[in-house]
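What you see below is based on every heavy atom in this structure, not just the backbone, and it leaves out hydrogens, waters and symmetry mates. Sequence positions, counted from 1, serve as the residue numbers for this chain.
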Amino acid sequence: DEPTTGLDAATALLACRRLRHVSRRGVTVVAVLHQPRPEIFWDAIDVVALVVKGKVVFVGPPKVAAERFLSPSDRQNVVVNPADAMLDAVSAALSSHHSINEQQRLQQQTNQRPLREQQQHHTTNHQQRPPPATVALRQGGGDASSSYGGSTATPGGGLANGNNNGTEYYPPPTTTTTEYSSSANDDMSDHHAPGGGVLFRRAPLGQVGAGTSLLDALEDDFDDPEDAALSSIFVFQLLAMRELRATSRDWPSLVLHFAPAAIIGVLLGVVYDDLPSHDASAAGIMNRYGLAFVICTTVGLSALSAAPRARRSARLFARERDALRDSAAPSFLAWAYLGDALPLRIVPPAILAAVTAALSQCCRSTFRSVCFVVAAVQLHYDLAAIGRFVGALAPRDAVCAGASALVLLFSLLLCGFFVSPNDLPRASWKRVAAVLPAKYAYEALNGHMMADVDDLFIVSKIGGNSVATGPYTGNTILACFGLDSSAHAPTKHLILAVFGLAADFATFLALKLFARERR
C-alpha cells in the first residue's frame with residue numbers, strides 16, 4: 001500500500017522497478033500508487049486499475065489507459081503523464097456527480113413553487129440554455145439509433161440525461177455545444193468529443209475499460225440482471241485464472257497427491273496381481289474385499305488435505321465476498337472446483353484406481369473397470385467435500401485436523417469391511433453409516449469387482465483336510481456379507497453424486513453466512 005509515499009522521484013522509480021523485477025520471478029505484485037511519474041507508468045506497470053470510492057472503473061494495460069484518457073496529440077507528448085489524465089477524469093466525474101445532486105435538489109425546490117412561478121422560471125431557463133446536441137449511444141448488439149438510459153458524465157463536467165429518444169447532452173457554460181453521434185458500425189468503444197475528451201458510457205463490470213462511466217461507478221449500477229450476470233462471469237474468469245495459476249505454482253502439493261497415487265496403484269496391482277486366478281480358493285473373495293478397503297483408505301487419507309486448504313481459502317472468500325457484490329458464487333466455484341477438486345480430488349484417485357484395475361484385473365469387463373474408477377473418484381470427492389465443509393467452519397487448525405480425522409475414521413469403520421452393515425449393534429450406528437459416503441463407495445467397488453463372476457469357491461479347513469464348496473456367483477457372496485448386489489451399483493453412484501453436491505452446497509452456505517475475514 002503506497003510503497004512510493006515519502007520517496008523522491010528517483011527512489012520511487014527504483015522501488016517500482018524492483019517490484020517489477022519481483023513480479024518477473026512468478027510473484028503477483030499489487031501496489032497502490034497515487035500519481036506515479038510517467039516512467040513508472042510506462043516501464044514498471046503491467047496492468048492499471050483505476051478505483052473510485054471503492055469501485056473499479058478501469059482495468060487494462062498502460063497503453064490502453066493512455067488511449068482511453070489521452071487525446072491523440074497528448075499521446076505523442078512524452079511529457080504528459082497518463083496518470084494525471086486519469087485523475088483529472090475522476091475529478092471531472094466527481095464534479096459532475098455533485099452537479100447532478102445539486103440539480104436534483106433544485107428540481108425538488110421547483111416542484112414546490114406555485115404554478116405561475118414555475119412557468120416563469122421554465123421560460124427564462126429555456127431562453128438562456130443553448131440547444132442540446134443529440135448523442136446516440138448504442139449497447140452491444142443494438143443499432144446506432146437505440147438509446148441507453150441513465151446519466152452519463154464526461155471528463156469536462158457535462159451531463160447527459162438519457163430518454164427514450166436518445167441522449168441530450170447539456171454542457172457546462174464554458175463548453176461549446178457540438179453535435180456528434182455514433183456510427184452504425186461503431187463498437188463498444190468510447191465516444192470522443194471534438195477536443196479529445198471522452199464521453200463515457202455505462203457498462204457492466206464484465207466490460208470495464210471499454211467506456212465505463214466514472215459517474216455510474218460511484219453508484220450501485222447492478223440493477224439490471226443481465227449486467228449482474230455478466231459481472232459474475234467476469235469475476236469467475238478472473239478468479240479461475242488466479243486459482244489455476246496458484247495451483248500450478250503449488251508443485252509440492254501436486255507431487256504429494258499425484259506421486260503416492262501412482263506408486264500405491266502400482267503396488268496394489270503387484271500385490272493383487274491376476275485376481276481371477278485365485279477364484280478357486282477363498283483368496284479370490286477376500287482379496288477383492290481387501291482391495292476395495294485399501295482403495296477407500298488410500299483416497300480417504302489423500303482427502304484429508306482438503307480441510308486445511310479450505311480453511312485458508314475461507315479467509316480469502318470472506319474478503320472477496322465483502323469487497324465485490326455477487327462474487328460469493330464465482331469465488332466458491334473457482335477455488336472449490338478449479339483450485340481443489342479438479343487437480344487434487346479427481347485426477348489422483350483416477351490414476352490410483354485405473355492403475356490398480358489394469359494390473360490386478362479385478363473387473364471382468366472394461367465397463368466395470370471404468371465404473372470402478374468412477375467409484376474411487378466419487379469417494380475421494382465426497383470426503384474432500386466434507387473436509388471443505390469442516391475447514392469452512394473450523395475456528396482453528398487443530399479443530400480442523402481433528403474433525404477431519406474423526407470423519408475419516410468413522411467412515412472406514414462403518415463402511416462394511418470390519419462388520420456387516422446388518423450386524424451393527426445399534427440402529428443409531430446404522431444411521432451414522434448411512435450418512436457417510438464410504439459405505440456406498442465400498443459397496444460400489446465390490447459390486448463392480450463381483451459382477452459377472454460365477455466361479456467363486458469357499459474353502460474350509462477341517463483338520464488336515466480342505467473342503468471347497470461352490471461355485472458361487474459374485475452376487476451370492478455379496479449377500480452373504482450383507483452387501484447389496486452388483487445390480488444396485490448405479491444407485492450407489494447416484495447417492496455418492498448427490499452426497500457430494502449436498503456437501504458443496506452446505507459449504508457454500510456456511511461460507512456465505514459465517515465466514516469472516518481474520519486480520
Side-chain angles (χ1 to χ4, degrees), residues 254-303 305 341-384 412 415-417 437-438 440-457 471 473-475 477-478 481 483-490 492-494 496-497 500:
L254 295 176
V255 171
L256 289 177
H257 283 80
F258 279 78
I263 294 173
I264 295 176
V266 173
L267 292 177
L268 291 178
V270 173
V271 172
Y272 294 97
D273 181 31
D274 195 12
L275 270 181
S277 63
H278 302 283
D279 290 346
S281 64
I285 300 174
M286 302 312 299
N287 286 350
R288 285 179 171 87
Y289 284 132
L291 178 58
F293 180 74
V294 173
I295 291 289
C296 291
T297 304
T298 304
V299 299
L301 292 174
S302 180
S305 62
L342 180 61
L344 303 179
R345 314 301 165 197
I346 296 179
V347 181
I351 295 175
L352 168 68
V355 173
T356 302
L359 296 180
S360 66
Q361 301 178 16
C362 58
C363 299
R364 291 294 179 91
S365 65
T366 304
F367 173 75
R368 291 295 179 179
S369 299
V370 172
C371 294
F372 181 86
V373 174
V374 172
V377 171
Q378 286 184 305
L379 176 61
H380 195 169
Y381 183 89
D382 291 355
L383 291 175
L412 296 178
C415 69
F417 177 76
Y440 306 102
Y442 181 73
E443 292 187 355
L445 291 172
N446 280 302
H448 294 303
M449 286 190 292
M450 293 292 188
D452 305 326
V453 178
D454 55 4
D455 54 352
L456 296 174
F457 288 83
T473 64
N475 288 330
I477 299 300
L478 290 173
F481 285 85
L483 303 177
D484 292 335
S485 65
S486 59
H488 293 84
K492 308 304 179 184
H493 285 288
L494 179 61
L496 290 172

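- Here Phe367 pairs with Ser365, Cys371 under the side chain to side chain contact (heavy atoms under 4.5 Å, CB included) rule; sequence neighbours left out.
- Atom CG of Leu342 and atom OH of Tyr381 lie 10.5 Å apart (nearest 0.5 Å).
- Summarising the geometry of Ala376 relative to Val299, their closest heavy-atom pair is O-CG1, 4.3 Å, with the distance given to 0.1 Å.
- Among residues at least two apart or in separate chains, there is no salt bridge (Lys or Arg N to Asp or Glu O under 4.0 Å) pair with a member in residues 292-303.
- Taking CD1 from Ile285 and CG from Leu275, the interatomic distance works out to 12.0 Å, rounded to the nearest 0.5 Å.
- For the side chain to side chain contact (heavy atoms under 4.5 Å, CB included) test, residues two or more places apart in sequence or in another chain that qualify with Thr356 are Leu268, Leu291, Ile295, Leu352, Ser360.
- Residue Cys296 comes nearest to Leu445 through the heavy atom pair SG-CD1, 3.9 Å, listed as atom of the first residue, atom of the second, then distance.
- Arg345 places a side-chain N or O within 3.5 Å of a backbone atom of Ser302 that can act as its donor or acceptor partner.
- Not a single ring-ring contact (aromatic ring centres under 6.0 Å, His included) links His380 to another residue, sequence neighbours left out.
- A donor and an acceptor atom, one from each side chain of Ser485 and His488, are located under 3.5 Å apart.
- For Asp279, the side chain to side chain contact (heavy atoms under 4.5 Å, CB included) criterion is met by Pro276, Arg288, Arg364, Val453, Asp455, Leu456, not counting sequence neighbours.
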Could you give me the CA-CA distance, side-chain angles and deciding distance for Asp454 and Thr473, then say whether side chain to side chain donor-acceptor pair (under 3.5 Å) is met? CA-CA 4 Å; Asp454 55 4; Thr473 64; over 6 Å; no
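- The minimum heavy-atom distance between Lys492 and Tyr440, with the atom names listed, is CB-O, 3.7 Å.
- The shortest non-hydrogen separation linking Phe372 to Ala357 is CD2-CB, 4.1 Å.
- A distance of 5.5 Å separates CE in Met450 from CG in Leu478, rounded to the nearest 0.5 Å.
- Contact detail for Ser369 and Cys363: the closest heavy-atom pair is OG-CB, 3.5 Å.
- His493 and Gln378 are linked by a side-chain donor-acceptor pair at a separation below 3.5 angstrom, with hydrogens and angles left out of the test.
- Smallest separation of non-hydrogen atoms from Ala303 and Leu383: CB-CB, 3.8 Å.
- At a cut-off of 3.5 Å, with distance as the only test, a side-chain donor of Ser305 or His257 sits close to an acceptor on the other residue.
- By the side chain to side chain contact (heavy atoms under 4.5 Å, CB included) test, Phe293 is found to be paired with Thr297, Leu412, Cys415, Phe417, Phe418, Tyr442, residues two or more places apart in sequence or in another chain being considered.
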